[in-house]
Amino acid sequence: MPDTVFTRLFGLVLAALLCSHLVMTALFMVFAPDGPPQDRRPPGAEAQHPDRPPPGDRAPPGKGERRMPPEFWAGFAIQLAVVTLLAWYGARRLVRPIEQLTQGARELGRTLDSPPIDETGPLETRQAAQLFNDMRAKLRRQMDERSHFLAAVSHDLRTPLTRIRLRGTQITDSTLQQRLNQDIDDMAAMLDATLAYLRDNSQQENWEQLDIEALLQAMAEDAQELGQPVTCSGQASQLRTLPATLRRCLDNLLENALRYGLRADISLQQSNTTVEICIRDHGPGIPEAELARVFEPFVRLEDSRNRHTGGTGLGLTIARDAARRMGGELYLSNAGGGGLIALLVLPR
């Protein structure tokens, strides 16, 4: 049995009640008055032997029978069962608010869009739940303010970039003009990616049942129609998820695999608790020391991500953020025979 507050509280209450009943039973058996010996003589025996009892019914001198009737033990068992159920119910009611607070903290760690927890239970748990909900609301407001600030700055930077591009046309050196335009294009692409990222985070989406196997098959067929080498294998039942968020996550992973790995192999498998989507490419992979850093915004590795390939360094950031919004996680690892493996694990 796990060591939880519920088991400790339930065990303590049950042990206290059981000990009290055992002590009362022992005291009753010790101090209860002796009852008269039962007369088990057959009819007519008193007439035959009026002055003495039958030999088999004689009580030892100074001692009487102290026997508990069967009804006493039956009542004791029923009382113990009732007390056990009441102790279980009371402990469960007291621990329930703590379990809700734990679950709320776990959901908040996955996404800031988690609903507030119920402010129920004793005074202490109600106060803790209220403080938790206030903290969640403040975190949500701070993230919204940060997103709005970044979106405003990214939008306002378009105007000076346009001016720079117009003034760059007056440069007579064609090489310098080409480099300047390339830098402007890179900055514009980063601004567009930032606005798209912030726009996606601000949207609210409903959870729905999704045929994830059909989604992956459709994505593979769409890529094959464009002449891109993509394969798909595996089976899984329907999954309750955020459809648009999942599609955006998979699009980014598949785009990275085709851009840097030339070919993508999609595999799908499930268990009782999770659904795993694996996208493997056949490119150069990523150095082990850089596997964690590539999730940071605007990080592009020199070997596989550069300005000329068109990447902005937000693809994996968006993919991991989408995975966490669905309650899952995204992992990267290098394949044994070469290439990169992106493993998306989603809970059922």
Side-chain angles (χ1 to χ4, degrees), residues 106-107 109-111 113 196-197 200-201 203 205-226 228-286 288 290-296 299 304-305 311 313-348:
R106 184 181 297 110
E107 294 297 330
R110 293 176 177 175
T111 173
D113 296 328
Y197 174 66
D200 292 338
N201 284 346
Q203 292 179 351
E205 187 179 358
N206 295 326
W207 292 80
E208 299 178 6
Q209 289 291 127
L210 179 66
D211 189 345
I212 192 170
E213 182 179 349
L215 173 63
L216 293 177
Q217 289 288 351
M219 293 179 62
E221 293 175 359
D222 292 342
Q224 293 169 2
E225 291 178 358
L226 298 176
Q228 297 171 335
V230 178
T231 62
C232 183
S233 61
Q235 296 179 347
S237 56
Q238 289 190 353
L239 177 69
R240 182 172 177 82
T241 185
L242 301 173
T245 302
L246 177 59
R247 181 61 186 259
R248 183 163 55 252
C249 175
L250 295 175
D251 282 340
N252 287 336
L253 295 178
L254 186 59
E255 180 183 357
N256 281 352
L258 293 174
R259 176 181 296 168
Y260 309 116
L262 305 178
R263 190 172 88 246
D265 298 327
I266 305 175
S267 60
L268 173 66
Q269 61 180 359
Q270 67 177 351
S271 65
N272 294 331
T273 58
T274 61
V275 172
E276 297 183 358
I277 304 174
C278 178
I279 300 180
R280 175 183 176 178
D281 62 40
H282 296 268
I286 295 178
E288 294 291 336
E290 303 290 340
L291 286 175
R293 196 170 71 91
V294 294
F295 285 114
E296 299 177 4
V299 171
S304 61
R305 301 167 189 266
L314 276 178
L316 291 176
T317 304
I318 295 175
R320 186 178 66 172
D321 182 74
R324 291 178 174 178
R325 288 182 61 187
M326 295 179 291
E329 189 56 70
L330 177 62
Y331 304 95
L332 294 180
S333 61
N334 289 307
L340 184 68
I341 297 177
L343 179 62
L344 176 61
V345 181
L346 300 176
R348 286 205 165 278

Contacts of Gln224 that satisfy side-chain hydrogen bond (donor to acceptor under 3.5 Å, both in side chains) - sequence neighbours left out:
none

How far apart are the C-alpha atoms of Gln269 and Glu276, what are their side-chain angles, what is the distance that settles it, and do they pass the side chain to side chain donor-acceptor pair (under 3.5 Å) test?
CA-CA 5 Å; Gln269 61 180 359; Glu276 297 183 358; 2.9 Å; yes

Side-chain heavy-atom pair Thr241, Ile212 within 4.5 angstrom cut-off:
no

Which residues share a side-chain hydrogen bond (donor to acceptor under 3.5 Å, both in side chains) with Asn252, sequence neighbours left out
none

With sequence neighbours excluded, what pairs up with Glu255 under the salt bridge (charged side-chain N to carboxylate O under 4.0 Å, His left out) test?
Arg259

Please tell me if the side chains of Leu239 and Leu210 come closer than 4.5 Å, counting only heavy atoms from C-beta onward.
no

Could I get the full list of side chain to side chain contact (heavy atoms under 4.5 Å, CB included) partners for Ser271, not counting sequence neighbours?
Thr273, Thr274

Would you sort out whether Leu254 and Ile266 count as a side-chain contact (heavy atoms from CB on, under 4.5 Å), showing the intermediate values?
CA-CA 9 Å; Leu254 186 59; Ile266 305 175; 4.2 Å; yes

Does Thr317 reach the side chain of Val294, with side-chain heavy atoms less than 4.5 Å apart?
no

My understanding is that only residues two or more places apart in sequence, or in another chain, count here; which of them pass side chain to side chain contact (heavy atoms under 4.5 Å, CB included) with Arg247?
Leu215, Met219, Asp222, Asp251

So which pairs with a foot in residues 336-348 pass side-chain hydrogen bond (donor to acceptor under 3.5 Å, both in side chains), sequence neighbours left out?
Ser237-Arg348, Gln270-Arg348

Step by step, would you call Leu242 with Met326 a side-chain contact (heavy atoms from CB on, under 4.5 Å)?
CA-CA 6 Å; Leu242 301 173; Met326 295 179 291; 4.2 Å; yes

Should Leu246 and Leu346 count as side-chain neighbours, where that means a heavy-atom distance under 4.5 Å?
yes

Residues two or more places apart in sequence or in another chain: which of them pass side chain to side chain contact (heavy atoms under 4.5 Å, CB included) with Glu296?
Arg293, Val299

Test: side-chain hydrogen bond (donor to acceptor under 3.5 Å, both in side chains). Region: residues 328-342. Which pairs qualify, not counting sequence neighbours?
Glu288-Asn334, Arg324-Glu329

With the side chain counted from C-beta on, respond yes when Leu330 and Phe295 share a heavy-atom pair under 4.5 Å apart, and no when they do not.
yes

Quick check against the 3.5 Å criterion: does Asp281 have a side-chain atom that pairs as donor or acceptor with the backbone of Leu340?
yes

Excluding sequence neighbours, so at least two apart, what forms side chain to side chain contact (heavy atoms under 4.5 Å, CB included) with Ser233?
Ser267

Note, Leu268 side chain near Cys232 side chain (heavy atom, < 4.5 Å)
no

Side chains of Cys249 and Leu253: does their closest heavy-atom pair fall under 4.5 Å?
yes

Residues that Asp211 engages under salt bridge (charged side-chain N to carboxylate O under 4.0 Å, His left out), provided they are two or more places apart:
none

